Amino acid sequence: MSTRHLIDLDSISSDQLKDILDLAKVIMKHPQYFCDSGHGKIMATLFYEPSTRTQMSFQSAMLKLGGKLVGFDNPDSSSVSKGESLRDTVRVVSNYADLIVIRHPCEGAAQAASTFSRCNVINAGDGGHLHPTQTLTDLFTLINTKGTLSNLTIGICGDLKNGRTVHSLIKSLVRYKNNKFVFISTPQLNVPDYLKQIVINAGCEYSESISLSDSISKIDVLYMTRIQRERFESDEDYKNQKGVFVLDKEKMKKAKYGLKILHPLPRVDEIDYEVDDDSRAVYFDQTEYGMYARMALILYMLENSEKKLDARPESNSDKCCCNPRCITNHEHYLPNLYIKVDGRTVCEYCDHTQPICAE
Ligand code: NCD
């Protein structure tokens, strides 16, 4: 890997991604060969935000590899409740563990954590930003259910603005040949502009739709997502968006025979329970595929592990990031780091474009 941490799948090449997905396939076929591969290793799961699947599938993955676990799923039961900074928690935990898996409500938190860790760090979701290991799960599910990652028309429906799984998925699927996207959302919850630019730069086509019913017949893969209540300013705003898109039996009648329906879960009300029995619904299988994908990732990262602190970057601006959800606005010791992308100034932690006056 170009970097020893997995913050964004962009940091690994398409060949490396293929290696991990191929390894996941072997592990799924012969799990018994790998039951001691993680022996003597410790993985820490630091979950500052709720999780069922991601946390448990990571933990199950490590246990199935014969490794051990430490960590917390409620920061209130750790020294975080006494006011410990992210940097100190990570610095300490990285002395105990060989691998840290972190989920945090702030965007860019995993990136920030990696600069204070002596061991490799995996991003298990940073606010509404990215979720690369859910994407590994999604890609592995597509390989197993659709048989390909190319030549697909992918409909992505729901909260495309705040859904971190959506962002990581788009960034990865543009790597494969001839994929097209249909973004199905309300105008308020549309895909962020920087991601649309990534789709355009990759030479992929996309269209936007406000109707699941009108779009469903055209697509090969439907990626449903819930409206991300916890990312809304007010309950009023959330209620205005909730319940707009619901996949039900009626809409499934218009869908292709070979459609596959994925969902990172949890589901709220966006897929009717009656769809679960349709053979095109693969979202529960997806949770199991995710465990194998994470087993492969853990092995891959343990192989590339070396206990050391990397040199920390220095601020390249005295301006704070304009995104209030960026980790730099919550952990104030972090250096401000910006890069130029397509002429824009972008925060390295959260990918937010900065206003011109901040340059
Ligand atoms: C997703 C997440 O946490 O971003 N869930 C998951 O990891 N399986 C999706 C969501 O919460 O809506």
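If you read the sequence from its start, that first residue is 1, and numbering goes on from there. For ligands, and for the atoms within them, numbers begin at 1 and follow the listed sequence. No experiment lies behind these values; they were computed from the predicted model shown.
In the vicinity of T54, heavy-atom distances shorter than 4.0 Å reach the ligand 1 atoms 6 (C), 7 (O), 8 (N). With ligand atoms numbered from 1 in the order given, ligand 1 contributes 6 (C), 7 (O), 8 (N) to contacts under 4.0 Å with heavy atoms of Q134. For ligand 1, the atoms sitting less than 4.0 Å from at least one non-hydrogen atom of H131 are 2 (C), 4 (O), 6 (C), 7 (O), numbered in the order shown with element in parentheses.
Residues F47 and F72 keep their aromatic ring centres 6.0 Å or farther apart.
Figure legend: R294 and F58 shown as a cation-pi pair, the cationic atom lying under 6.0 angstrom from the six-membered ring centre and within 45 degrees of its axis.
Geometrically, ligand 1 and E230 share no nitrogen or oxygen pair separated by less than 3.5 Å. An N or O contact shorter than 3.5 Å is missing between P266 and ligand 1 by distance.
Using a 4.0 angstrom heavy-atom cutoff, R103 counts as in contact with ligand 1. Between T225 and ligand 1 there is no heavy-atom distance shorter than 4.0 Å.
Residue, atom and distance of the protein heavy atom nearest to atom 4 (O) of ligand 1 are R164 NE, 2.7 Å. Among all non-hydrogen protein atoms, the one lying nearest atom 5 (N) of ligand 1 is L265 O, 2.9 Å. From the protein, the heavy atom lying nearest to atom 8 (N) of ligand 1 is P264 O, 2.9 Å. Closest protein heavy atom to atom 11 (O) of ligand 1: R226 NH2, 2.9 Å.
Closest heavy-atom contact between G290 and T137: CA-OG1, 3.3 Å. Nearest heavy-atom pair across I219 and K256 is O-CD, 3.6 Å. Minimum interatomic distance between Y349 and H129 (heavy atoms only, all atoms of both residues): O-CE1, 3.3 Å.
Hydrophobic clustering, with ILVMFWY side chains joined whenever heavy atoms are under 4.5 angstrom apart, groups F183 together with L173.
Between K171 atom NZ and D351 atom CG the span is 5.0 Å, to the nearest 0.5 Å.
Side-chain contact between R164 and Q134 is absent, with no heavy-atom pair separated by less than 4.5 Å.
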